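Here the structure is a predicted model, which means the values were calculated and not measured. Heavy atoms only: backbone and side chains are in, while hydrogens, waters and symmetry mates are out.
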Amino acid sequence: MWPVIERADILIGFNSDHFDIPLLNKYYSGDLTRIKSLDLLAEIKKSLGRRVSLDQVAEGTLGRGKSGSGLQAIEWWKKGDIDNLRRYCLDDVKITKEIYDYARENQKIKFKEAGQIFEVKLDTSGWEEKHDKAMTFSLPF
């Protein structure tokens, strides 16, 4: 996984700047924060003024929810149910990519709350600008 991440122009996630990247950095001998990142939740919070869940955004933007929850993922891990855990994680990645693509094309996302759909305008103009910080490759590949 590290060679793929090290070659990335940008790391895109949902709450990734506060969860995924710091967690992965614990297992990486370099510093993943040197790679440009785009945290969709941070972008939404910047515009909306508060957080919403990936499930809410998936339901509003894509018309479907997530395939599970973080609590279910923990249970699958404890039970050794790697197949369901893998499906759940891959589904989250796919949903995040589809939301990113929708936001880039429409400069907004939608989220579902209390049975209603709300729109959040996003400034996507700088999302795909090249990052000038060089990645320090700390692993021998």
Between [Y] and [X], is the closest basic N to carboxylate O distance under 4.0 Å?
X: D91; Y: K66; answer: no
X: R34; Y: E6; answer: no
X: D83; Y: R87; answer: no

How many angstroms lie between atom [atom1] of [X] and atom [atom2] of [Y], to the nearest 0.5 angstrom?
X: I21; Y: S16; atom1: CD1; atom2: OG; answer: 4.5 Å
X: E113; Y: K110; atom1: CD; atom2: NZ; answer: 16.0 Å
X: K112; Y: F118; atom1: NZ; atom2: CZ; answer: 11.5 Å
X: D17; Y: L41; atom1: CG; atom2: CG; answer: 9.5 Å
X: I109; Y: T61; atom1: CD1; atom2: OG1; answer: 4.5 Å
X: I10; Y: L38; atom1: CD1; atom2: CG; answer: 5.0 Å

Are [X] and [Y] grouped together when hydrophobic residues (ILVMFWY) are joined by side-chain heavy atoms under 4.5 angstrom apart?
X: L90; Y: I82; value: no
X: V93; Y: L85; value: no
X: M1; Y: Y88; value: no
X: V52; Y: L62; value: yes

Side chain [X], main chain [Y], donor-acceptor under 3.5 Å:
X: Q72; Y: S69; value: yes
X: Q56; Y: S53; value: yes
X: K36; Y: E129; value: yes
X: D39; Y: F14; value: no
X: N106; Y: K108; value: no

Might you point out which heavy atoms bring S47 and L122 nearest each other, and give the distance in Å?
-> CB-CD2, 4.1 Å
Minimum heavy-atom distance I35-I5, with the two atoms named | CD1-O, 3.3 Å
Can you tell if the side chain of [X] reaches within under 4.5 Å of the side chain of [Y], non-hydrogen atoms only?
X: N15; Y: R51; value: yes
X: L40; Y: Y100; value: yes
X: E43; Y: W127; value: yes
X: Q107; Y: K121; value: no

Apply side chain to side chain contact (heavy atoms under 4.5 Å, CB included) to the pair F111 and V120, showing each step before the final yes or no.
-> CA-CA 8 Å; F111 68 95; V120 179; 3.5 Å; yes
Greater than 12 external heavy atoms within 6.0 Å of K97's NZ | no
Could you walk me through whether R64 and E98 pass the salt bridge (Lys or Arg N to Asp or Glu O under 4.0 Å) check?
-> CA-CA 12 Å; R64 67 181 191 281; E98 290 175 10; 2.5 Å; yes
Please state whether the rings of Y28 and W2 are parallel, tilted or perpendicular, taking 30° and 60° as the class boundaries.
-> tilted
